[in-house]
Q: 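Pasting a structure here, questions to come.
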Protein chains: 2
Amino acid sequence: MEKNLTIKDVAKKAGVSVSTVSRAFNNYSDINPETRENILKIAQELNYKPNIVAKSLSSNRNFRLGMIVEDYNITGMLNPLVFQIMMSFKSTADKLGYEVVLLSTNTDTQKSVKLSTIYSQKQFDGAFIMGLKLSDDYYRELIEFNHPCVLYDIYINNPNVGCVGVDNTKGSFLAVEHLINLGHKKIAMINGHKDAFVSYERLDGYMLALNRYALPVDKSLIYYADFTDQGAAAAVEELLIRHKDITAIFCASDLMAIGAINALNNRGYSVPDDISIVGFDDLYLAQLSNPKLTTIKQDAQAIGESVANLLINLISEQRIGRVVIQPEIVIRESTKAQYLKANP
Amino acid sequence: MEKNLTIKDVAKKAGVSVSTVSRAFNNYSDINPETRENILKIAQELNYKPNIVAKSLSSNRNFRLGMIVEDYNITGMLNPLVFQIMMSFKSTADKLGYEVVLLSTNTDTQKSVKLSTIYSQKQFDGAFIMGLKLSDDYYRELIEFNHPCVLYDIYINNPNVGCVGVDNTKGSFLAVEHLINLGHKKIAMINGHKDAFVSYERLDGYMLALNRYALPVDKSLIYYADFTDQGAAAAVEELLIRHKDITAIFCASDLMAIGAINALNNRGYSVPDDISIVGFDDLYLAQLSNPKLTTIKQDAQAIGESVANLLINLISEQRIGRVVIQPEIVIRESTKAQYLKANP
DNA sequence: GAAAATAACAAAAACGATTACGGAATTTTA
DNA sequence: TAAAATTCCGTAATCGTTTTTGTTATTTTC
């Protein structure tokens, strides 16, 4: 195992001091352009790269970002969106010169080790937290947190913590409006769970659309299915018993939408001929299902980028609280006009 | 932003020198047990945690692992298996006291920055590389690599690099054997692409099973579909033209299996009544499809753990080359007995 | 009971960078 | 042309640890 090159080796080879080499590498002003060029050339030849650990320690700028994801996103049927957002976040962080270290938490670990402890121990300049629930300990800690932090899909009113997410209310509105435009009047909603911030926003959008088009809101049409396909299937079973006259269901996730479609098929209903379905997320899964899913698209790439940019702005003391990504509706095959049932 | 506690603060409060505090934390022998207890208690009270960056620099043990994933796993329809393996790897690395930093590569970046450069710059003790292709620059570099490294789903004969993966040959064998046992005699295979190591192993398993049961191998029944659903759909189109008499298709991934099923449905064929399909991976997707997919399960949890353990063994100079995970067949609804066509 | 060994700690030198400070050479100013 | 400013670079302190070496008591050995 060959010994690693240090700044000293470069300095010796270039016949200058280490501080000069450092200056060359960090674009300092007080260095002769010729010297700089020469040093960089020699460094290039030697294939020298500064040791990032030493750099962190000495500069007290760590260029380290934590990416903390809740465990429940990992086990079972995990959300591919999370993965895409993570990778997008990583890529833009990379471009901006930050490395990202991966962490996970769950309700238990949150009780034993505080977020601020993680920051100081890990020397994070900031962190990106995904999958935080309203009932989490970290959610409470974040209310008065004083380190840079960015959250996805949950909002906290604290200048140190940024929040990015799709406009869920608008997304839901778009979904339900689309159904209404197709002539549907009795539209059920299968929501996530009540510990998720987005569930409230998505519910708002649903109600807003109904109100806007002067349709009655029937609370017995609203189910909570925990973001799982089985949960959605169970909800559909109940819906088919209690509300035989529904013609459309808006699901707060694609996975639940698939669960709903499968349950409907099992009961002999056809999507979209009997019942229209719209999902939320636009996972790749939405193109794979049969019929292909009409859904609300969350742009994972854009979300990841926004998170990284926001976080790094926060680190450099620029306070920008919230980034809202605009959702789009993607119309495929799971929704259909329902004029016949519209006015019986 | 409160200043972080250092070892000095603990030393001062405990009335000892910093070296004694360090000894207390690192289970050194030459320290009075009472002193140690006292120091640990005080550290606990102060909520002091050692700065990992300083620790790395001074001890020259970094406890840092790189997790490098190929870009093509990110864009487009990404494989959820990769995500699960990543998280499982992270969790066990965590338990063993290592932090993992996330990186990505692609064919281009591999040309400009060598793997060994990444190691020295990032101060990695080791790295886990996912998605490496046979045509990659890093593959070539790894042949004579002298840092600890573990690969998933690709094999290299080098004591410094470990390899873990499912027994692909056996997995394919199981899949095809299952079809043969159901009475299928004309079985097509839709493989991945030729830059993937696993494609060769999976092909081997297919041929092995045919030979074992004295069925002829017809190379025109073997397609390469790039691991995509569209590729598989295209392959199916061709198969339906050229080989109307096939009764089963083995796909080297679940995604391709879904693509095949959809294509068959579009052409008016029923799965499994007309044609049986088996996939590979056992993604959650396999349970969501209609019919539910019979497939070969890769245990992501076990793979991630094995990779982490193997890598850390490699780091501590213990040479264990390869870990092979046993695949299992999961029989669901996409395969069915085909006695009628078996002997016409 | 003097020499040797051990136990328990402190002092100081690393680790590999950044950066505050200072100083010589050169250029600008008056 | 002397003083001031600027340019360019070296010296040395620093970051928060670990680790080597040193030191003082105490214990063991013969």
Side-chain angles (χ1 to χ4, degrees), chain A residues 2-40 42-43 46-64 97 99 119-125, chain B residues 1-40 42-43 46-64 97 99 117 119-125:
Chain A
E2 76 274 5
K3 206 174 162 309
N4 283 335
L5 287 169
T6 74
I7 199 173
K8 280 183 201 163
D9 300 309
V10 181
K12 190 181 294 176
K13 185 94 181 256
V16 297
S17 73
V18 294
S19 60
T20 305
V21 178
S22 176
R23 268 187 287 253
F25 265 87
N26 294 289
N27 292 326
Y28 272 66
S29 54
D30 57 344
I31 183 174
N32 189 324
E34 274 180 35
T35 321
R36 182 212 306 278
E37 289 312 316
N38 185 243
I39 290 174
L40 292 182
I42 286 176
L46 293 175
N47 199 19
Y48 162 82
K49 301 275 176 180
N51 177 322
I52 200 177
V53 174
K55 192 168 179 149
S56 288
L57 185 61
S58 62
S59 65
N60 204 23
R61 295 228 35 199
N62 302 110
F63 297 99
R64 282 162 59 87
E99 73 174 23
Y119 269 71
S120 66
Q121 182 185 8
K122 289 288 196 173
Q123 296 293 112
F124 286 154
D125 296 322
Chain B
M1 184 116 55
E2 76 274 4
K3 205 176 163 309
N4 283 336
L5 288 169
T6 74
I7 200 172
K8 280 183 200 162
D9 300 309
V10 180
K12 190 181 293 176
K13 186 94 180 259
V16 296
S17 74
V18 293
S19 56
T20 305
V21 177
S22 176
R23 269 187 290 256
F25 264 87
N26 294 288
N27 293 325
Y28 271 66
S29 54
D30 57 344
I31 184 173
N32 189 323
E34 274 180 33
T35 320
R36 180 212 308 278
E37 289 312 313
N38 185 246
I39 290 173
L40 293 182
I42 288 176
L46 292 175
N47 198 20
Y48 162 80
K49 301 273 178 184
N51 178 323
I52 199 176
V53 174
K55 193 168 179 149
S56 289
L57 185 61
S58 63
S59 66
N60 203 25
R61 295 232 30 199
N62 303 108
F63 296 99
R64 282 162 59 87
E99 73 173 24
T117 309
Y119 270 70
S120 67
Q121 182 185 10
K122 290 289 196 172
Q123 295 293 110
F124 287 154
D125 296 322

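In what follows, every chain begins at residue 1, and chains take the letters A, B, ... in the order their sequences are listed.
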Q: Tell me the side chain to side chain donor-acceptor pair (under 3.5 Å) pairs involving residues 53-64 of chain B, sequence neighbours left out?
A: A:Glu99-B:Arg64, B:Arg61-B:Tyr98, B:Arg64-B:Glu99

Q: Please tell me whether A:Ser22 and A:Ser19 have a donor and an acceptor in their side chains that are separated by less than 3.5 angstrom.
A: no

Q: Rounding to an integer number of Å, can you tell me how far B:Phe25 CZ sits from D:dT19 C1'?
A: 17 Å

Q: What nucleotide, of C:dA8, C:dA10, C:dT18, holds the atom closest to the side chain of B:Asn32?
A: C:dA8

Q: Would you indicate, yes or no, if D:dG16 has its OP1 or OP2 atom less than 4.0 angstrom from a side-chain nitrogen or oxygen of B:Thr6?
A: no

Q: Tell me, do A:Ile42 and A:Tyr48 make a side-chain contact under 4.5 Å, heavy atoms counted?
A: no

Q: Which part of the nucleic acid, if any, lies within reach of A:Tyr48 when heavy atoms closer than 4.0 Å are counted: base, sugar-phosphate only, or nothing?
A: sugar-phosphate

Q: Base, sugar-phosphate, or nothing: which does A:Thr35 touch, judged by heavy atoms less than 4.0 Å apart?
A: sugar-phosphate

Q: With sequence neighbours left out, write down each residue that passes salt bridge (Lys or Arg N to Asp or Glu O under 4.0 Å) with B:Arg36, or none if nothing qualifies.
A: none

Q: Rounding to an integer number of Å, can you tell me how far A:Ile31 CD1 sits from D:dC9 P?
A: 6 Å

Q: Please give, in whole Å, the distance from C:dA17 C1' to A:Leu5 CG?
A: 14 Å

Q: Whole-Å distance between C:dG16 P and B:Asn62 CG?
A: 10 Å

Q: Please tell me which of the listed nucleotides, D:dT18, D:dT11, C:dC15, lies nearest to the side chain of A:Ser17?
A: D:dT11

Q: Round to the nearest Å and state the distance from A:Asn51 atom CG to D:dC15 atom P.
A: 19 Å

Q: How does protein reach along nucleotides 19-24 of chain C, written 5' to 3' as B (base within reach of a heavy atom under 4.0 Å), S (only sugar-phosphate), or - (no contact)?
A: B-----

Q: How would you label the contact of B:Leu57 with the nucleic acid (heavy atoms, under 4.0 Å): base, sugar-phosphate, or nothing?
A: base

Q: Quick one: on DNA chain C, does A:Val21 or B:Ala54 contact a more 5' nucleotide (nearest heavy atom)?
A: B:Ala54

Q: So what does B:Val53 hit on the nucleic acid, given a heavy-atom distance under 4.0 Å: a base, only sugar-phosphate, or nothing?
A: nothing

